[in-house]
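One structure below.
In this text the structure is predicted, and so the values were computed from the model without any measurement. Both backbone and side-chain heavy atoms feed into the values below; hydrogens, waters and symmetry mates do not. Along the sequence shown, the residues carry numbers beginning at 1.
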Amino acid sequence: MVNQVVIRLGVSCVLLLTLPAASDELVRFFQFPHIFGGVAAIASCIGACVPVLSLFQNSD
């Protein structure tokens, strides 16, 4: 169990570092309005939390 938590925390940290930068580049490349940059940043933060949160999907 501890091993899974450590691995998923590591994955979440990597995603938290890479997803916002990737979403910024996509918004800049496709020249979307600025509001989509904020939406993409929020979505990338939520996406980075998914590996850790999936540990608790079947817990009581």
Side-chain angles (χ1 to χ4, degrees):
M1 179 67 178
V2 173
N3 190 23
Q4 288 181 345
V5 171
V6 170
I7 289 172
R8 289 175 188 238
L9 280 174
V11 170
S12 288
C13 288
V14 169
L15 288 174
L16 193 60
L17 291 174
T18 58
L19 284 178
S23 66
D24 286 344
E25 288 298 321
L26 286 173
V27 167
R28 191 174 305 128
F29 179 76
F30 289 110
Q31 296 178 350
F32 290 131
H34 293 290
I35 187 69
F36 291 111
V39 172
I42 292 169
S44 64
C45 290
I46 292 170
C49 296
V50 170
V52 173
L53 293 176
S54 66
L55 278 173
F56 305 109
Q57 68 185 11
N58 293 328
S59 65
D60 291 331

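For I35, the CD1 atom is loosely surrounded, since the number of other residues' heavy atoms within 6.0 Å does not exceed 12.
Here the side chain of S12 pairs no donor or acceptor atom with the backbone of C49 at under 3.5 angstrom.
S54 and P51 get closest at one heavy-atom pair: OG-O, 2.8 Å. Across every non-hydrogen atom of L19 and A48, the tightest pair is CD1-N, 4.2 Å.
F32 is not connected to V39 by any chain of hydrophobic side-chain contacts under 4.5 Å among Ile, Leu, Val, Met, Phe, Trp and Tyr, and they are in different clusters. V11 and V6 are not part of a single hydrophobic cluster, where members link through side-chain heavy atoms under 4.5 Å apart. Taken together through direct or relayed side-chain contacts under 4.5 Å among Ile, Leu, Val, Met, Phe, Trp and Tyr, V5 and V52 form part of one hydrophobic cluster.
For the atom pair CZ of R8 and CG of N3, the computed distance is 10.5 Å after rounding to the nearest 0.5 Å.
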